[in-house]
Every structure is written in structure tokens, then in C-alpha cells.
Amino acid sequence: MKSTNIDNAWPSLPICESGVKAFLSSKAVEGIGKVYAEKLVKEYGTDAVTVLRDNPECITGISGLGDSRIAAASESLRQMKRPIDLILFLYSCGINEMFIDRIIGKYGTKTKEIVLEDPYKMVEEVWRLSFFIADKIGKALGIAFDDPRRLRGALLTAIKHYAENGHLFATPVQAVDYAAGITGADKDKIVASIKSLEDKGRIIASRGGLYLPVYYAAERNGARRLMQLASTHVAKSVTPNFPEYDIEGHKYTALQQMAMAKALMNPVTILTGGPGSGKTTVLKGILDYFKQVGLKITLVAPTGRAAKRMTALTGYHATTIHHLLGYRQGEGYHNKSIDTDLLVIDEGSMMEQVMFDHLLEAVKPGTRIIMVGDVNQLPAIGAGDVMRDMIKSGVVPVAILDENFRQEEGSLIAANARAINRGEMPEQSDEDSFILIEEKGDAAIRNRIISLVSKEMPAKYSITPAEIMVVTPQQMGPLGARQLNIELQKSLNADAPGIKRGATLLKLGDPVMHTANSRERELYNGETGVIVEVDPNEMYLVVEFKSGKKSKYLRSELSELTLAYATTVHKLQGSEVDYLVMPVSMSHRPMLYRNLLYTGVTRARKGCVLVGEDEAIRYAIDNQSDVRRNSNFGSRLITYHDSTSTPSSVNN
């Protein structure tokens with residue numbers, strides 16, 4: 001790399017021709033683009049930016065690069081408020097435009113100082129900036145492989161890695177091993193860096209774990225707040241004098257009456273059970289009772305899809321936790337006080353620790369909390385395992401519903417879900433609700449899925465392909481959601497007009513999923529609909545969602561949509577579909593866990609088809625290693641519950 005000093009306030013930063021080309025090709029420099037950037041660098045080397053900015057009249061003889069284009073580019077460089085030498089340096093390190101924007105957006109006028117003093121700080125402070133990106137900068141600055149700054153960055157990356165995989169902390173051994181693997185440094189030197197990070201408050205060591213501060217606070221404060229709520233007298237008491245029958249004339253079982261009594265007589269209760277166990281019946285009985293005695297009810301769920309499903313099943317309005325707490329991207333949670341007598345949290349297995357802590361912070365003492373969910377489903381995508389930890393702690397009352405009501409309707413789906421949960425292979429019978437189809441190899445599985453969706457299942461069940469959802473363990477790969485969406489679109493909707501942006505091609509009639517929480521559109525992440533209008537000339541399309549809402553998307557906004565012929569199990573969690581097809585292949589081995597297979601099967605209401613290899617189904621059922629997460633939430637609940645002192649006096 002060559003050093004440049006285009007802005008003289010700081011020491012020269014090394015740049016290279018590829019970095020100059022990338023910068024000149026970026027949107028920051030008007031009128032140049034990739035072709036002319038190549039020509040300018042070929043002519044002027046790493047001085048191309050300086051010449052273009054300060055001496056544009058010297059640029060002659062470059063084919064196609066006229067005076068007006070040169071003038072526009074030169075003016076955009078002179079007007080640029082960001083430090084050009086720093087940007088050239090970052091491009092020369094191989095950092096892309098998105099991360100350069102994030103870095104400068106985070107640090108502003110202090111960006112150069114941060115980059116020169118310790119680029120590895122960005123690992124914890126810049127969204128999704130990895131150690132490997134920071135390491136490109138570190139190497140360009142000559143930072144040694146065992147420099148303490150680099151080792152601290154690697155340790156933070158290790159702890160973040162575990163958090164991104166659902167753990168609230170990494171053990172010291174896990175963190176050191178991971179850091180050694182990505183740095184090649186001696187483990188003893190890495191261990192020495194732990195104390196430095198602790199002293200600076202960048203990590204917290206507690207109960208055998210190394211935490212990022214946000215997860216430590218959420219775990220500790222969440223446990224304290226929950227036990228305070230659980231020990232607070234409920235001012236507006238109710239008596240469990242329930243009728244024997246619900247408002248539709250169905251008689252409650254003894255177990256259901258016990259569950260309702262437990263939920264209403266305790267400040268905090270968990271209501272759990274598998275598919276067809278009567279959770280909705282019990283919950284609706286509780287809600288009806290609260291309504292009759294005139295108490296205020298609030299229903300929430302972690303996702304928009306789960307909230308809509310809760311509303312449909314109970315008849316009571318539910319919203320997302322984000323919406324209830326007034327969450328705004330980049331601003332955090334605005335609502336710090338929830339005024340209600342009963343707070344019901346649905347899909348408790350999806351609850352992550354930080355969100356739960358924010359929710360508890362807003363709950364007033366004297367509010368009853370009922371968490372509802374199926375503890376055998378997939379845990380939260382985010383860090384923590386709130387519901388499972390609460391149950392294991394033994395200090396939160398739990399009502400377990402294990403009766404089976406769906407069998408009376410002739411459904412084999414619920415029975416096979418319970419069999420999977422017990423570690424048994426699912427079975428197929430003469431009824432059509434659950435079907436096993438063995439196919440060997442990804443190509444054969446994919447071809448059979450296309451046949452099932454386009455021909456076999458519509459004929460068998462008298463439905464349309466639009467009523468079938470393909471649910472797969474992962475996003476990528478030959479049987480991942482992305483590739484299956486492409487293949488199913490080709491099979492089911494090949495000739496329709498559409499709009500393409502990058503790799504995304506969306507056509508009239510395609511099922512799609514909105515992939516972000518959007519206040520402007522009043523849409524939640526995960527809502528599905530169908531493209532009902534496409535204008536290839538004006539470059540926009542219109543989606544009609546299942547709620548009946550229509551929303552227009554310009555070509556530049558297509559990243560908010562994804563095809564929804566197929567989706568992942570994680571994406572579908574919290575909602576149900578009538579008919580479901582799920583590939584089960586050993587190519588998905590890293591994702592094959594019992595709770596994933598169980599969750600996938602329980603998404604189906606009327607028909608579930610598993611297509612794939614018996615070996616893969618067996619492997620998934622036997623594999624429970626994904627269940628355990630690094631968490632001390634349960635032990636902290638016990639500590640606060642058992643402490644004779646005030647909860648705030650409990651240490652660590």
C-alpha cells in the first residue's frame with residue numbers, strides 16, 4: 001500500500017489502487033462509476049482522487065470522460081465532509097461501502113482516532129462488524145497478531161458469537177478457545193486479556209460466565225424484577241369460582257380447571273402444553289373470566305404473526321411486545337409503564353432475555369402475568385431461554401396441560417408431534433393428515449416437493465398450491481428456503497410479469513412475506529400476502545396481505561419482501577398453516593434437532609408431509625444438543641426467591 005496525506009490533520013494512511021477504484025466507483029463520487037474509475041486509476045494510480053479533486057483540468061485523453069462528468073465528480077469530492085483519506089484507507093483494506101457508512105456514522109469526527117488507536121473496539125460498537133473486518137484494518141496498520149488490542153477484540157467476538165447463537169454468556173474456556181482459533185495467538189496471552197476487558201467494563205464475569213454488559217443486565221435485572229412481581233400482593237383479587245362450562249357449552253376438564261385456578265391465584269404463572277392439549281381453551285376461559293369481573297387485559301406475543309394468531313384463537317386483541325413498549329428502530333423502548341391487570345405473553349418459548357427484561361421493567365407491581373407456550377418448541381432466536389429457565393427454576397408456578405383433544409378430531413399430527421417429543425419415530429396411518437415419503441438425495445427430495453405442491457397435494461386434498469407452505473430447516477443450500485422458493489416459482493408461476501432487483505425476482509401472483517416491522521405500512525415482520533399488481537414500466541408492485549391490507553412497493557423497496565412458497569421453521573414459529581411440506585435431509589445435519597422437527601410438524605393444522613431420508617428423521621429425533629443454552633437466569637431466580645434480604649441487595 002502507498003501512504004496518502006490528502007487530508008493533512010492526521011498521519012498518512014496506507015492506500016492501494018483497488019481501494020481508490022472502489023471509492024471512485026461508489027455513490028459518494030458523482031458521475032464516475034466502475035469503468036471510468038478503472039481508467040482514472042490506470043492513468044494516475046493512487047493519486048487519482050487528488051488529481052480529480054484539486055486539478056480536474058489536468059485530466060484529458062480518457063475516452064468518454066467528458067468535462068461535465070469530470071466537473072461533477074470534482075465538485076462532489078470538494079463538497080465531501082467526510083475524511084477522504086480515511087475512506088480511501090478503509091476501501092483499501094477491503095471494507096465495503098455499507099460498513100464504511102456504519103463506522104463513520106457511529107463515530108463521526110472521532111472515526112480516525114478510533115481507527116488509529118484501536119480498530120478492534122468496533123467489534124462491540126458497530127452493528128454486525130465482525131472481528132475479521134476489524135482485523136483487515138488492524139493488519140493494514142501493522143498491529144501484531146498477539147497485540148492486546150487484537151486479543152481483546154477476539155475475546156469480544158467470541159462472547160458475541162455465543163450470544164448470536166442464543167447463549168447469554170460464554171464460559172472462559174469457550175471464549176479463549178474461540179479467540180485462539182481466530183487469532184492463532186497463545187491462549188495464555190488471551191487469558192490475560194480477560195482481566196483488561198473486565199477492568200474497562202467491556203465484559204462482566206459472573207457465575208462462571210463472561211457476559212457482554214447488556215446480557216448480564218438483562219439476566220440479573222430480569223430475575224430480580226420477576227421475583228418482585230411474583231412476591232407482590234395482587235390488589236384486585238379474584239376467586240376461582242369458574243363455571244363448569246365455557247361460553248360455547250364445552251365442559252372444562254378437572255386439569256383445565258386446576259390450570260385456570262393456578263393462573264388466577266398466583267401473580268406469575270406459566271401455562272404450557274403441546275398441540276391439542278387445550279391451552280387455548282384454558283386461556284380463553286381465563287380471559288372471559290377477567291372480562292366478566294371487569295379487569296383490564298393485555299395480550300402480547302414476540303412476533304406479529306403470533307399476535308395475529310392469538311387474536312384469531314381467543315377473540316381478544318393481541319399486539320407485539322415491540323408495539324406495546326413503543327419500540328423504535330435506533331431509539332429503543334419508549335413505553336416504560338403498562339397499565340393492566342392481566343398481562344398474557346403468548347409463545348413464551350420464543351421470548352429472548354433482553355426483550356423480557358424490558359417488558360418486566362414496564363409492568364406495574366400488582367399485575368398478574370401468564371406466560372403461555374410449548375416448552376418443547378424451538379427456543380428464541382435471540383439470546384436466552386426464558387420460559388425453559390423459569391420452569392426449571394421451580395420457583396414459578398407451572399400449569400402443565402398434557403391431555404390430548406385433537407385426537408378426537410382424527411388428527412395424527414398432534415400424536416406424531418408427541419411421539420417425536422418422546423424420542424420416537426412418527427407413524428403413518430390410513431388417514432391423510434400425516435404422510436411420510438422417503439426420497440434419497442437432495443435432488444430427489446426437491447423434485448418430489450415440487451410435485452407434491454404443484455400436483456399431488458392439490459389433487460389429494462382438493463386445495464390449491466397457494467394453501468400449501470414448504471417449511472425447511474435452513475435458509476441456504478439446495479433444500480434451503482431461498483433455493484426452494486426459486487424452484488417453486490419456476491414451476492408454479494413461470495410466465496407471469498415481474499420486477500427484478502439484484503437476485504430478487506418477484507412476479508404477479510407470487511406469495512410473499514414482509515420481512516421487517518414497518519410502522520409506515522402498519523405491517524409486522526413475517527406477514528404474508530400475494531402480489532396482486534405489477535407495473536414493469538413504473539417499476540412497482542402491490543401486495544395484498546391476508547389481513548386485507550394492500551401495500552405498494554417501489555423497486556428500491558423490494559428488499560422488504562421475500563418469496564413465500566417456502567420459509568424456515570424459525571420464521572414460521574408462532575403461526576400455523578393448513579397444509580405443510582417439510583424436507584428432512586442429512587444435508588441439513590447442522591440444523592437437525594428434535595425441537596426443530598417438532599416445531600415444524602406442529603405448524604400444520606390439517607395436513608403434514610415429511611419428505612426425505614428416514615436416517616435424517618431419526619438423527620433429528622435423537623439429537624437434543626441444541627436445547628441447552630448458557631444461562632444463569634434460572635439460578636438467579638432461585639437466588640432472589642430464596643434471599644431473605646431485599647432483591648436489590650443480592651450480589652452478582
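Below, all heavy atoms of this structure are taken into account, side chains as well, without hydrogens, waters or symmetry copies. From a predicted model like this one, the values you see are computed outputs, not experimental measurements.
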Side-chain heavy-atom pair Met586, Leu592 within 4.5 angstrom cut-off: yes

Presence of salt bridge, Glu527 and Lys549, under 4.0 angstrom: no

Arg605/Asp578 ion pair, N-O < 4.0 Å: yes

Parallel, tilted or perpendicular: ring planes of Phe545 versus His514, cut at 30 and 60 degrees: perpendicular

salt_bridge(Lys440, Glu438) N-O dist < 4.0 Å: yes

Donor on one side chain, acceptor on other, Arg589 and Tyr619, under 3.5 Å: yes

Pair Arg448 + Glu439, salt bridge at N-O below 4.0 Å: yes

Derivation and outcome, side chain to side chain donor-acceptor pair (under 3.5 Å), residues Asn630 and Gln174: CA-CA 11 Å; Asn630 293 343; Gln174 288 171 335; 2.9 Å; yes

Close side-chain approach of Val471 and Pro583, heavy atoms under 4.5 Å: no

Tyr553 six-ring centre to Arg521 NZ/CZ under 6.0 Å and within 45° of normal: yes

Met310 and Val344: CA distance, side-chain angles, deciding distance, side-chain contact (heavy atoms from CB on, under 4.5 Å) verdict: CA-CA 10 Å; Met310 192 183 194; Val344 178; 3.4 Å; yes

Ionic contact status for Asp389 with Lys392, cut-off 4.0 Å: no

Neighbour count >12 (heavy atoms, 6.0 Å) for atom CG, Leu554: yes

Ion pair Asp288/Lys284, N-O distance below 4.0 Å: yes

Set of residues satisfying salt bridge (charged side-chain N to carboxylate O under 4.0 Å, His left out) with respect to Glu544, sequence neighbours excluded: none

Geometric cation-pi criterion Arg594 and Tyr598, 6.0 Å radius, 45° cone: no

Note, Leu505 side chain near Gln489 side chain (heavy atom, < 4.5 Å): yes

For Val35, side-chain contact (heavy atoms from CB on, under 4.5 Å) partners two or more places apart: Lys39

Arg446/Asp442 salt bridge by N-O under 4.0 Å criterion: no

Glu533 with Lys552: basic N within carboxylate O range, under 4.0 Å: no

Any Pro275 side-chain heavy atom under 4.5 Å of Asp374 side chain: yes

Gln256 versus Thr281, side-chain donor and acceptor atoms under 3.5 Å: no

For residues 562-574, tabulate all N or O donor-acceptor pairs below 3.5 Å that involve a side-chain atom, not counting sequence neighbours.
| unit_1 | atom_1 | unit_2 | atom_2 | d |
| --- | --- | --- | --- | --- |
| Tyr565 | OH | Asp510 | OD1 | 2.5 |
| Thr568 | OG1 | Lys571 | N | 3.1 |
| Lys571 | NZ | Asn525 | OD1 | 2.8 |
| Gln573 | NE2 | Gln377 | OE1 | 3.4 |
| Gln573 | NE2 | Leu378 | O | 2.9 |

